[in-house]
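Throughout, protein chains are lettered first and strands after them, A, B, ... in sequence-line order, and every chain is numbered starting at 1.
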Protein chains: 2
Amino acid sequence: MTASSDRRLGSLSELAGLVAGGATRRSQLATATGLSRAAVAQRVDLLIDRGLLVETGTVATERGRPPLTLQLASHSAVVVAVDLGATHGTVAVAELGGTVLAEATQELDINDGPEAVLTALDGRIGQLLAEAGRPASHVRAISIGVPGPVEASTGTVVRPPIMRGWDGTRVPAFFEGRYSAPVLVDNDVNMMALGEYAHRPATAHLLYVKVGTGIGCGIVSGGVVHRGASGAAGDIGHIRVPGQDDVLCHCGNTGCVEAVASGAAIAATLRKAGLPAAHAGDVVRLVAEGDPQARRQVRLAAQRIGEVLASLTSFYNPDTIVLGGSIASLHDDLLADIRGAVYRRALPLATRTVTIETTLLGRRAGIEGARRLAVNHLLSPEGIARIVGD
Amino acid sequence: MTASSDRRLGSLSELAGLVAGGATRRSQLATATGLSRAAVAQRVDLLIDRGLLVETGTVATERGRPPLTLQLASHSAVVVAVDLGATHGTVAVAELGGTVLAEATQELDINDGPEAVLTALDGRIGQLLAEAGRPASHVRAISIGVPGPVEASTGTVVRPPIMRGWDGTRVPAFFEGRYSAPVLVDNDVNMMALGEYAHRPATAHLLYVKVGTGIGCGIVSGGVVHRGASGAAGDIGHIRVPGQDDVLCHCGNTGCVEAVASGAAIAATLRKAGLPAAHAGDVVRLVAEGDPQARRQVRLAAQRIGEVLASLTSFYNPDTIVLGGSIASLHDDLLADIRGAVYRRALPLATRTVTIETTLLGRRAGIEGARRLAVNHLLSPEGIARIVGD
């Protein structure tokens, strides 16, 4: 790709982004970009020709011919978003502007391996496209969140702790030949972080902390996921919590926050006390039933998670920390102790600007983040390059 | 500023950056940017007119008229870089291309307050400009690193733990009227991180950890300092280390890494053992003399610092961790234990790509980072706007 085409793609991406953000007239685009009207017209025509934008008339007014308005194409372009968990898969077919046309969640076992799981997903995608009345050729991007570490540049699952049989799987390869669309793959918690970020216009630096069976974190600054040098950023489950060195973690170390404060860890503690807690869901149920031992263990877990978040707040200085995952539904019991620990341990300069709250999107954070990532990619210079054949 | 002027400033900034990176011909600039030769000529002439670029002939060749070559102006433009510590101030006057024309380091006490310290600095800047044979009008940017938290957008010192009398000082205000140049202020450790980053072309995500009297950290990703929501990012000195809850920190909490592993903390421990260690410098001296107790305490400190860096490696997934500060000069004793702790505690996916090493620039990291920040700013769209009067 030459520098000249880089610039052209940049201006096409900018124009598409402005339309996505609500600019509907060619004249607005010329003003916002500084491009000439002729240059805007040439570029907009190309984006219309390639099916990314559409131009429609508005209702006629008394003052004569109505101006044409631009918007992201909805009749010939959709994205497919997938949120894959340990035991579920959600698939959504959505218009570029955000409207979800069809969606379904099914139970699955991620440990059945990539072939079985991706085949099931592919079937579901086909079914939902049919339901939405769209052919496969309308799919412009597929975005998949998976419950493990991913090398995002290639979409390869790397040494996942809970995805048996997936290590080294390059997920996009499975979809080659089925769809002529880019396939984006990322860790599910990164997707959730992006989803929560997109719904908080005043946020600049966000940590999304998922407390479910395990504990993980997604980092978004300035709208971009921080993935780090090898895609491992945010993997906070094995940070050591003071005073818990007698607790063995499945990773082989002791005192990891996941081993003492995750939903699975709380359930294990409650089982030892004779309570019927097989997994994180039982913890939530017991607390909802008012069981004092369960509440006590959730509050202790919150203090330990808060210790870790205090360190991360001092280091990263986020303005927003969002708690998600099944245990986060216990917000009354969780938030006070997490906030207490962060305010007690992190520096005042870092805590005076931080908001700690539970998820806005709940279980929809992952699918919403995946949808955002697909649309963001489609409107990026790289996505535009694919569309205009550069 | 309009969108159209934004674009023009962007292209001027891009052209200046290309010249800084070694493009010397107008034809190269046209190829690299995709701008027409006429547009390049118009912009280059403006940058020459405003004293940011110069164009010179080369030695004549047999083949006729030599091509003109462009470079960053050196005869009419300099930057001033300042590295301010607790007990020293270094000032350098440098050409935009990097050549240092004059430099001096003097002892000072930061606790004398802003008026006294900045007046002394201002005198030194004047003296060094005279030494370099440059008038004040040549100064295009002033960049100052200070040993405390800074709100970078306004250059205001915010609640500094060791800068008595500086809280709320807007440093740039002092220089208004003295120089018609932008004054950039940042935390000294951020400056050091930027300096080290600039000397490692293969690095993308760098943590610079300063272990001196205190402990702090600078974070650079993609060439940009991560300052966080309130400029407090990297303030890791008060992260809690497991098993040290009996140690009181000056912040009022217990078990902070700075209270158990900084140069001041090691010196205090050695004093209790009857050794003559008043400060971090004495620790370095004792280790150099082969004192086993001093070496033991440095190694224990390294393990504790390593515990913290293991957490940060899991969270941020850097590719490079640089150790600086006076204690980092003890690299044989420090590195092995820090590396050991990081490799033992952080996740394999994060540690397999991380390099942990001591500073390349040593005491020059701060002044070098300040110089870089000044030049980066000068060539940014914002810096260009000031120069072309937009």
Side-chain angles (χ1 to χ4, degrees), chain A residues 2-8 11 31-35 149 158-159 203-205 217 219 221 226-245 251 253 255-256 307-308 310-320 344-354, chain B residues 2-8 11 31-35 149 158-159 203-205 217 219 221 226-245 251 253 255-256 307-308 310-320 344-354:
Chain A
T2 66
S4 157
S5 95
D6 265 357
R7 291 177 73 84
R8 178 163 156 275
S11 71
T31 306
T33 59
L35 290 170
V158 186
R159 301 173 72 152
T203 291
H205 303 285
C217 175
I219 308 163
S221 274
H226 173 76
R227 297 190 175 91
S230 52
D235 213 340
I236 65 170
H238 302 280
I239 290 181
R240 186 176 167 196
V241 181
Q244 301 294 322
D245 286 341
C251 76
N253 269 314
C256 300
E307 281 273 346
V308 171
S311 299
L312 301 182
T313 298
S314 290
F315 172 72
Y316 199 70
N317 190 198
D319 49 42
T320 309
R344 191 170 62 247
R345 285 294 320 183
L347 292 176
L349 183 59
T351 55
R352 72 178 180 185
T353 47
V354 76
Chain B
T2 66
S4 155
S5 95
D6 265 357
R7 289 178 74 85
R8 178 164 156 275
S11 71
T31 306
T33 59
L35 291 171
V158 186
R159 303 174 71 152
T203 290
H205 304 286
C217 175
I219 307 163
S221 275
H226 173 76
R227 296 189 175 93
S230 52
D235 214 339
I236 64 170
H238 302 280
I239 290 181
R240 185 175 168 197
V241 181
Q244 302 293 320
D245 287 340
C251 75
N253 268 314
C256 300
E307 282 273 346
V308 171
S311 299
L312 302 183
T313 298
S314 290
F315 172 72
Y316 199 70
N317 190 199
D319 50 42
T320 309
R344 193 172 59 248
R345 285 293 323 183
L347 291 176
L349 184 59
T351 55
R352 73 177 179 185
T353 47
V354 75

Pair B/Leu349-A/Val158, side-chain contact (heavy atoms from CB on, under 4.5 Å): steps then yes or no: CA-CA 8 Å; B/Leu349 184 59; A/Val158 186; 3.6 Å; yes

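For the ring pair (Phe, Tyr, Trp, His ring centres under 6.0 Å) test, residues two or more places apart in sequence or in another chain that qualify with B/His226 are A/His205, A/Tyr316. Evaluation of the salt bridge (charged side-chain N to carboxylate O under 4.0 Å, His left out) rule for B/Arg345 yields no partner, not counting sequence neighbours.
Using a 4.5 Å cut-off between heavy atoms, A/Thr353 contacts chain B through its side chain alone, with no backbone atom that close. Using a 4.5 Å cut-off between heavy atoms, A/Thr351 does not touch chain B at all. Proximity to chain B (any heavy atom under 4.5 Å) is shown, for A/Arg240, by both the backbone and the side chain. Of the two parts of A/Ala310, neither the backbone nor the side chain holds a non-hydrogen atom closer than 4.5 Å to a non-hydrogen atom of chain B. Of the atoms belonging to A/Ile219, it is side-chain heavy atoms, and not backbone ones, that fall under 4.5 Å from chain B. Interface residue A/Ser221: only side-chain heavy atoms are found under 4.5 Å from chain B. Heavy atoms closer than 4.5 Å to chain B are found in the backbone of A/Arg227, but not in its side chain. There is no contact between A/Cys251 and chain B, counting heavy-atom distances below 4.5 Å. Neither the backbone nor the side chain of A/Gln244 comes within contact range of chain B, judged by heavy atoms closer than 4.5 Å.
Between atom CD1 of residue A/Ile239 and atom CG of residue B/Leu312 there is a gap of 7.5 Å, rounded to the nearest 0.5 Å.
Considering all non-hydrogen atoms of both residues, B/Asn253 and A/Arg344 come closest at ND2-O, 3.0 Å.
Checked by atom type and distance alone, the side chain of B/Asn317 pairs as donor or acceptor with a backbone atom of A/Ala229 at under 3.5 Å.
When each of A/Ala350, A/Ser230, A/Ser311 is checked for heavy-atom pairs under 4.5 Å with chain B, A/Ser230 comes out on top.
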